[in-house]
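The figures that follow rest on heavy atoms only: side chains count, while hydrogens, waters and symmetry mates do not. Position 1 is the first residue of the sequence, and the numbers go up from there.
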Amino acid sequence: AGPQISQMQEFQGGRVTSRISVEWAMSIRPTRVGEFEIPPISLEVDGKTVRAPAQAMSLRVIQDLEGATHCFIESMDVPTRVFEGEPFDLDLRFGTDLAAGEVDLYLPWWPSHRGVLEVKTGNPRGTYRFPVNDRHEASVTELDPAQRNGVPFRVFQLARRYLATRPGTLEFNAATFQFSEVIRRSTVFATGRYKRYHAQSEPFQIEVLPVPEEGRPLDWTGAVGELTTQRRVDRRDVDEGGTISLTVSWFGRGNTEFF
């Protein structure tokens, strides 16, 4: 995020000194357990290279065992293979057995993913707005409670439909669900306290195949998917000079918005 620019002037000894500060903020979120090194950031200022910090930072990432007990996030029925131009559904479900708190989602591929287009399906009823990646929002739906290890969990669903635009492999890195349990709410006299729990989903891949040339109709206009065509008329008998209404419909799971 940024840049944020601030400027200050000082008058001292008959001289005017100007100070300009340019600030960027970068959010780094680990996606797996391990030892990591975050290198310095290099900037070129007036032809000189400035590095900050002087030494690389080390980061040790461990698993939140308690978070895995109280929270979960998982993808449901993800296809492993689709054709170019074929829509597919992304069904992400997450939840917790904790009561009061704040929800945050961290999705490495949100809000846009190279190689796909989002297909608008309309917002489901009863949606919530949850923050994603600290600067976006997503509409999610609360599902019926579910039992996990004998404990009732509130369950939410983030459902999106995408259309694959080119052959290749689509990478979806691990998603993180963070639940911040309220220990003490903020007041005018004291800052609130929270205990944060984290759960991660498994990363997955989707292979996108080109539409086969063999067997393709000469008048094919780009329809891909499981589609049904239906035609109907409003009457079977008509007087000479009368009119009929002919309706042709295409429906099903396919790229009906594009062919």
Side-chain angles (χ1 to χ4, degrees), residues 27 29 31-32 72-95 103-143 155-177 199-232 246-259:
S27 177
R29 180 163 296 276
T31 58
R32 59 183 173 85
F72 78 93
I73 182 170
E74 56 195 14
S75 53
M76 308 293 293
D77 301 325
V78 177
T80 58
R81 182 176 299 175
V82 297
F83 284 100
E84 180 183 2
E86 180 182 0
F88 62 91
D89 292 327
L90 178 63
D91 183 353
L92 197 64
R93 302 191 184 187
F94 54 94
V103 170
D104 291 280
L105 292 171
Y106 296 95
L107 313 177
W109 33 266
W110 187 277
S112 60
H113 193 300
R114 292 183 179 180
V116 299
L117 291 175
E118 184 175 353
V119 179
K120 300 298 183 181
T121 57
N123 289 331
R125 295 179 60 186
T127 57
Y128 293 85
R129 302 287 296 180
F130 284 168
V132 180
N133 298 344
D134 294 328
R135 57 184 181 271
H136 301 288
E137 281 190 338
S139 296
V140 303
T141 304
E142 184 167 10
L143 305 179
V155 181
F156 300 90
Q157 178 190 45
L158 188 153
R160 291 293 186 275
R161 177 165 294 177
Y162 294 104
L163 181 144
T165 59
R166 61 190 181 196
T169 301
L170 296 174
E171 301 276 355
F172 289 85
N173 294 331
T176 302
F177 169 48
Q200 275 196 333
S201 67
E202 292 293 330
F204 61 89
Q205 298 178 340
I206 300 178
E207 184 181 3
V208 182
L209 303 176
V211 177
E213 296 281 350
E214 183 179 356
R216 182 185 298 184
L218 294 177
D219 56 352
W220 179 67
T221 58
V224 182
E226 298 177 3
L227 297 164
T228 300
T229 306
Q230 185 182 79
R231 59 184 178 181
R232 63 183 183 273
L246 170 67
T247 303
V248 182
S249 303
W250 291 266
F251 54 92
R253 181 170 169 166
N255 58 340
T256 55
E257 296 86 354
F258 299 96
F259 71 83

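Of the possible donor and acceptor atoms, one in the side chain of Ser201 sits under 3.5 Å from a partner among the backbone N and O of Ala175. Listed for the Asn133 side chain is a donor-acceptor partner under 3.5 Å among the backbone atoms of Leu107.
Atom CZ of Phe251 and atom OG1 of Thr228 lie 5.0 Å apart (nearest 0.5 Å). Atom CG of Leu105 and atom CH2 of Trp110 lie 9.0 Å apart (nearest 0.5 Å). Within the model, atoms CD of Glu118 and CG of Leu163 stand 11.5 Å from one another, a figure rounded to the nearest 0.5 Å. Rounded to the nearest 0.5 angstrom, Phe72 CZ and Gln200 CD are separated by 15.0 Å. Going from atom CZ of Arg160 over to atom NZ of Lys120 covers 7.0 Å, rounded to the nearest 0.5 Å. Note that CZ of Arg93 is 5.0 Å distant from CD of Gln157, once rounded to the nearest 0.5 Å.
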**Prompt:** Step by step, would you call Leu92 with Phe156 a side chain to side chain contact (heavy atoms under 4.5 Å, CB included)?
**Reply:** CA-CA 8 Å; Leu92 197 64; Phe156 300 90; over 6 Å; no
**Asked** Going through the distances and angles, do Thr176 and Ile73 end up as a side chain to side chain contact (heavy atoms under 4.5 Å, CB included)?
**Response** CA-CA 7 Å; Thr176 302; Ile73 182 170; over 6 Å; no
**Item:** side-chain hydrogen bond (donor to acceptor under 3.5 Å, both in side chains) between Ser139 and Arg129, intermediate numbers included
**Value:** CA-CA 5 Å; Ser139 296; Arg129 302 287 296 180; 2.6 Å; yes
**Message:** With side chain to side chain contact (heavy atoms under 4.5 Å, CB included) as the criterion, how do Ile206 and Phe204 come out once you've worked through the C-alpha distance, each side chain's angles and the decisive distance to 0.1 Å?
**Reply:** CA-CA 7 Å; Ile206 300 178; Phe204 61 89; 4.2 Å; yes
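Summarising the geometry of Asn255 relative to Gly222, their closest heavy-atom pair is ND2-O, 2.9 Å, with the distance given to 0.1 Å. Asp89 and Arg161 make their closest contact through OD1-NE, 2.6 Å (heavy atoms, listed as atom of the first residue, atom of the second, distance). Counting all heavy atoms, side chain and backbone alike, Tyr162 lies closest to Leu90 at CE1-CD2, 3.8 Å. A pairwise comparison of heavy atoms in Leu170 and Arg114 identifies CD2-O, 3.7 Å as the closest pair. Leu227 approaches Arg253 most closely through the heavy-atom pair CD2-C, 4.3 Å. Contact record, Phe88 with Ala164: CE2-N, 4.3 Å, taken as the closest heavy-atom pair.
Using a 4.5 Å heavy-atom threshold, the side chains of Asp77 and Asp91 count as separate. In this structure, Arg232 and Ser249 have side chains that are in contact, with non-hydrogen atoms separated by less than 4.5 Å. For the pair Trp220/Val211, a side-chain contact is recorded, criterion being any heavy-atom separation below 4.5 Å from C-beta on.
Within 6.0 Å of the CD atom in Glu202, the count of heavy atoms belonging to other residues, nucleotides or ligands does not exceed 12. The number of heavy atoms from other shown groups lying within 6.0 Å of CD (Glu226) does not exceed 12. Around CZ of Arg216, the count of heavy atoms belonging to other residues, nucleotides or ligands within 6.0 Å exceeds 12. With a 6.0 Å radius and a threshold of 12 heavy atoms from other residues, nucleotides or ligands, Arg81 has its CZ atom at or below the threshold.
Ring orientation note: the planes of Phe177 and Phe94 are tilted relative to one another, at an angle of 30° to 60°.
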